[in-house]
Amino acid sequence: MPKLVFLGTASAVPDENHENTYMAVLGREQTILIDCANNAFVRLEQAGIRHQDITDVILTHFHPDHVSGLPSLLLDMWLMRRKEPLTIYGLAYTLERMEKLMEAYDWASWPGFFPVTFRSIPDVELAPVLESAEFRISASPVHHLIPNIGLRIDFLETGRSMAYSCDTEPCQEVVRLAQGVDVLVHECGGGTLGHTAPDKAGEIASRSEAGSLYLIHYNTRGVDVPMLANIARTTYSGPVSIAEDFMKLDF
Ligand SMILES: [Zn+2]
């Protein structure tokens with residue numbers, strides 16, 4: 001059965017038990033990493049995910065808490081003698097910067113480096129990202145400080161679905177992207193610029209008629225985290241959970 005694994009759930013400042021927000025989608029033939037926080041190589045091992053199995057990486061936006069671990073993961077994969085190709089998806093804005101970052105590391109000079117393909121996602125609503133026998137993944141632009149996308153994953157063999165808001169203010173794009181999903185993973189970074197407070201995340205879950213809500217990308221320092229779920233319950237009547245690192249959801 002396909003799974004979603006939370007590899008990190010914290011907002012930009014991690015702590016001992018919460019890495020920056022990123023996750024993996026596990027299928028039979030594809031393992032898809034969504035963003036890549038620091039020290040991903042060890043994190044994947046701890047989650048029981050083989051780095052060799054990762055076929056695709058989707059980058060949501062070029063903020064360090066979401067992408068800064070990718071250069072190290074690519075280096076580690078290469079040092080572990082990876083030969084299989086890897087595809088990296090993102091908005092042109094994001095991919096241009098990731099390529100520049102890798103150029104700064106002079107990756108063209110790393111001998112025998114495995115093939116990496118960059119695939120640009122159009123900056124439009126419900127843009128197709130990838131489709132296989134197992135998954136259909138689409139993206140919509142969301143409202144953050146820089147260009148960013150939310151994602152919807154339809155699990156074609158089980159008929160289940162999820163959406164991930166990524167970092168965003170409450171927005172209609174997520175309501176449309178997440179329409180009728182079984183699970184909405186919504187950020188809960190607070191009511192500051194480019195983020196969402198828990199009651200607003202509940203409203204988005206209600207309006208998209210999501211079957212359940214997982215709050216992610218929350219501040220863990222000096223915050224009563226279980227209370228965030230209670231606040232979201234004031235605006236959404238379905239089940240609300242706090243996403244935690246290493247939590248696995250079946251689809
Ligand atoms: Zn961000």
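In this chain, numbering begins with 1 at the start of the sequence shown. One-based numbering, in listed order, for ligands and for the atoms of each. Side chains included, hydrogens not; waters and symmetry mates left out as well; all remaining heavy atoms used.
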Student: Considering only NZ, NE, NH1 and NH2 on the basic side and carboxylate oxygens on the acidic side, decide whether Glu103 and Lys100 come within less than 4.0 Å.
Tutor: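 So Glu103 does not pair with Lys100 through a salt bridge.
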Student: Looking just at side-chain N and O atoms, do Thr60 and Asp35 make a donor-acceptor pair shorter than 3.5 Å?
Tutor: yes
Student: Ignoring waters, how many N, O or S atoms from the protein are under 2.8 Å from the Zn ion (ligand 1)?
Tutor: 4
Student: Would you list the atom pairs, donor with acceptor, under 3.5 Å between side chains in residues 26-33 and any protein atom, with sequence neighbours excluded?
Tutor:
{"from": "Arg28", "atom 1": "NH2", "to": "Glu157", "atom 2": "OE1", "distance (Å)": "2.8"}
{"from": "Arg28", "atom 1": "NH2", "to": "Glu157", "atom 2": "OE2", "distance (Å)": "2.3"}
{"from": "Gln30", "atom 1": "OE1", "to": "Ser132", "atom 2": "OG", "distance (Å)": "2.9"}
{"from": "Gln30", "atom 1": "NE2", "to": "Asp56", "atom 2": "OD1", "distance (Å)": "3.2"}

Student: Looking at Gly150, is its backbone amide N or carbonyl O close enough to the side chain of Ser140 to form a donor-acceptor pair, meaning the two atoms are under 3.5 Å apart?
Tutor: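 No.
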Student: Check whether more than 12 heavy atoms from other residues, nucleotides or ligands sit under 6.0 Å from atom CD of Gln46, and answer yes or no.
Tutor: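 Yes, CD of Gln46 has more than 12 neighbouring heavy atoms, counting only those of other groups under 6.0 Å.
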Student: Report the C-alpha distance between Asp154 and Arg152 in whole Å, list the side-chain angles of each, state the deciding distance to 0.1 Å, and finish with yes or no for salt bridge (charged side-chain N to carboxylate O under 4.0 Å, His left out).
Tutor: CA-CA 7 Å; Asp154 288 283; Arg152 178 188 177 112; 3.0 Å; yes
